[in-house]
Amino acid sequence: MGLSFIIGLNSLVQKMLSTNINADTSLAKSIEHLVACYNQGKFGQITDELAKSLEQFPNSPDLWNIAGGVATHFQNIPLAEECFRKVISLQPSNSVALFNLGNLLQQEGRFFEATKHYKSAIKINPKFANAYNNLGNVQKDLGLLSEAKSTFKKGLSIAPNHQSLIFNFAALLQHLQEAKQAIPLLKSLLSLDPENSKVLFHLGTAYQQLECFDLAQEAYQKMMSLGCQDPEVQFNVGCIFQSLNKREAAIEKFNTVIEMDPSHIPSRVNLGALYCDINEIVRAEACFKKAVSLGRKSLAVLKDQTSQFENNQQIQEIAPGYVEALNGLGMLHQKKGDLEGALSLHKEALLHGGENADSHHHLACVFYEMNNFDLAEHHHKKTLEIDSKYPNALNLLFLVYRKTSNWRGIFKLDTLLKNVGLSNDLISPWPMLAFEDNPANQKKRSKSQQRTERGKLNSVEFQNFSKKKHKDRKIKLGYFSSDFRD
């Protein structure tokens with residue numbers, strides 16, 4: 001994470017060093033020397049002197065604070081935690097020790113505990129900018145996005161030029177799909193450091209989110225001109241070509257990424273989607289299969305390390321694109337008529353990807369083909385709960401209702417379409433068809449009228465519904481980012 005530990009002198013020791021009045025100069029000089037060695041990275045010289053100083057002054061918060069930092073450097077996490085807690089027990093108002101303990105707990109993934117200590121540090125020192133920065137990052141990791149946004153804003157109101165706060169706030173805004181607000185923040189960082197590759201990357205992804213592809217490519221090209229060989233840059237350029245329907249260029253970029261990083265799952269997924277577009281099914285299947293294999297291998301390593309998965313977000317971080325690979329391979333199995341295989345893959349995607357619209361949609365389509373209309377209806381409804389404008393979900397739900405003679409459900413779709421803001425010309429046939437399908441109303445229309453109108457409706461079958469109102473839905477993956485953390 002790049003977390004840094006603050007090792008400094010408290011106000012009492014600073015006063016001792018400056019005035020030498022009623023002070024234990026031996027302790028003050030020892031702390032001064034240890035801090036200097038720590039800041040210079042001379043950890044080997046610190047340990048013996050630190051041990052002697054602690055024997056002589058066992059109740060010095062500053063010595064225990066330094067000991068915690070040294071233990072952290074040597075990855076002795078239990079000892080580091082014990083040291084920082086010792087500081088807090090000796091001096092509960094020590095905001096630096098509270099921050100250091102929060103930092104340590106954040107490194108260990110103990111986010112709720114870290115949050116508590118960051119908040120305590122801020123309560124003691126309301127102008128502690130680094131504490132605001134790390135608290136915002138922890139809240140973001142916990143999914144408390146509105147709280148994180150508020151924390152970053154508060155931190156910037158206190159330290160408007162704090163670069164890590166600016167960067168992490170911009171990254172959060174991008175995560176919240178507020179790229180337009182993130183761009184000025186990123187530009188302000190580039191004005192201070194025009195060749196900062198990390199900032200350039202985020203600026204490129206922000207422009208990409210806004211579909212300002214020329215500006216995005218300009219940022220990526222500058223990164224590459226600076227010698228950046230990050231495969232994620234090539235991947236995002238490939239995504240731009242894919243969005244612009246420049247398939248050959250996109251395929252070339254994704255293959256470049258795979259040459260640079262053979263374990264890059266998202267590139268294989270997007271490559272599989274492109275091969276599907278040009279009907280090269282064998283190649284597409286090979287891409288999805290390899291991506292699924294890589295994803296399962298990554299999760300097996302994670303499971304060995306942690307004994308269990310903590311959450312779906314963790315899975316996405318360890319194996320980004322794995323869920324999309326499962327759904328892509330599932331679609332190909334469905335296309336070949338292997339419904340059981342498709343069902344298994346989509347269920348696995350739902351298990352590892354959490355409640356996402358894509359997996360529910362694919363499951364609904366498979367259940368429909370298996371004539372399990374109850375489960376098809378359930379998953380279509382779940383899809384619409386997550387994304388009310390998900391392409392094809394409404395008209396496929398209509399087909400389920402038509403198969404099950406659920407005329408009341410069809411009429412309800414009329415209201416649903418109006419609620420999501422789709423035009424009336426698309427919904428007008430639905431009530432009419434429901435009226436026609438209802439046996440109670442068959443006598444009210446002549447057989448020739450029924451045949452004529454049914455023929456017109458069946459010829460359309462509402463398959464163009466999503467094409468009229470939505471862009472084709474492709475497998476799109478999130479942009480990748482690395483936070484600045486203090």
Where the side chain of [X] meets the backbone of [Y], is there a donor-acceptor pair that is under 3.5 Å apart?
X	Y	answer
Asn255	Ile251	yes
Tyr118	Asn103	yes
Tyr38	Ala67	no
Ser150	Ser146	no
Trp64	Pro58	yes
Ser89	Lys86	yes

Would a 4.5 Å heavy-atom cut-off, applied to side chains only, mark [X] and [Y] as touching?
X	Y	result
Val257	Leu271	no
Gln234	Ser267	no
Ser26	Gln56	yes
Leu173	Phe152	no
Thr72	Gln107	yes
Ile31	Leu63	yes
Leu215	Leu210	no
Phe112	Leu105	no

Contact summary for [X] and [Y], nearest pair of heavy atoms:
X	Y	result
Met223	Ser197	CE-O, 3.5 Å
Ile166	Ser188	CG2-OG, 4.0 Å
Val323	Ser359	CG1-OG, 4.1 Å
Ala206	Ile183	CB-CG1, 3.7 Å
Ala393	Thr383	CB-CG2, 4.1 Å
Gln208	Ala216	N-CB, 3.8 Å

I need the [X] [atom1] to [Y] [atom2] distance, nearest 0.5 Å.
X	Y	atom1	atom2	answer
Asn125	Ile158	CG	CD1	8.5 Å
Lys222	Leu200	NZ	CG	5.5 Å
Leu34	Asn39	CG	CG	11.0 Å
Ile265	Glu324	CD1	CD	10.0 Å
Glu285	Leu329	CD	CG	6.0 Å
Leu332	Lys289	CG	NZ	9.5 Å

Can you tell me if [X] has over 12 outside heavy atoms packed within less than 6.0 Å of its [atom1]?
X	atom1	result
Glu82	CD	no
Glu252	CD	no
His378	NE2	yes

For Phe201, the option from Val233, Asn196, Leu186 that meets side chain to side chain contact (heavy atoms under 4.5 Å, CB included): Val233
Take Asp230 and Met260, measure what side chain to side chain contact (heavy atoms under 4.5 Å, CB included) needs, and give me the verdict at the end. CA-CA 9 Å; Asp230 191 340; Met260 296 171 71; over 6 Å; no
What pairs with Lys119 under side chain to side chain contact (heavy atoms under 4.5 Å, CB included), at least two apart in sequence or on another chain? Thr115, Leu135, Gln139
Stepwise, does the side chain to side chain contact (heavy atoms under 4.5 Å, CB included) test hold for Leu343 with Glu340? CA-CA 5 Å; Leu343 188 62; Glu340 290 294 339; 4.3 Å; yes
Step by step, work out the side chain to side chain contact (heavy atoms under 4.5 Å, CB included) result for Asn356 and Ile386. CA-CA 7 Å; Asn356 68 88; Ile386 298 167; 5.5 Å; no
Criterion ring pair (Phe, Tyr, Trp, His ring centres under 6.0 Å) against His202, the qualifying member of Tyr207, Phe167, Tyr220: Phe167
Ignoring hydrogens and geometry beyond distance, is a side-chain donor-acceptor pair present between Glu232 and His264 at under 3.5 Å?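 Side-chain D/A pair, Glu232 to His264: present.
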Donor on one side chain, acceptor on other, Asn100 and Asn65, under 3.5 Å: yes
Verdict with supporting geometry, Tyr275 and Cys287, side chain to side chain contact (heavy atoms under 4.5 Å, CB included): CA-CA 9 Å; Tyr275 285 137; Cys287 289; 3.8 Å; yes
Please verify the inter-ring angle class for Phe254 with Phe235; under 30° counts as parallel, over 60° as perpendicular, anything in between as tilted. tilted
Salt-bridged, Glu81 to Arg110, with N to O below 4.0 Å? yes
Using the side-chain hydrogen bond (donor to acceptor under 3.5 Å, both in side chains) rule, pick out the option among Glu355, His346, Lys382, His380 that qualifies with His360. Glu355
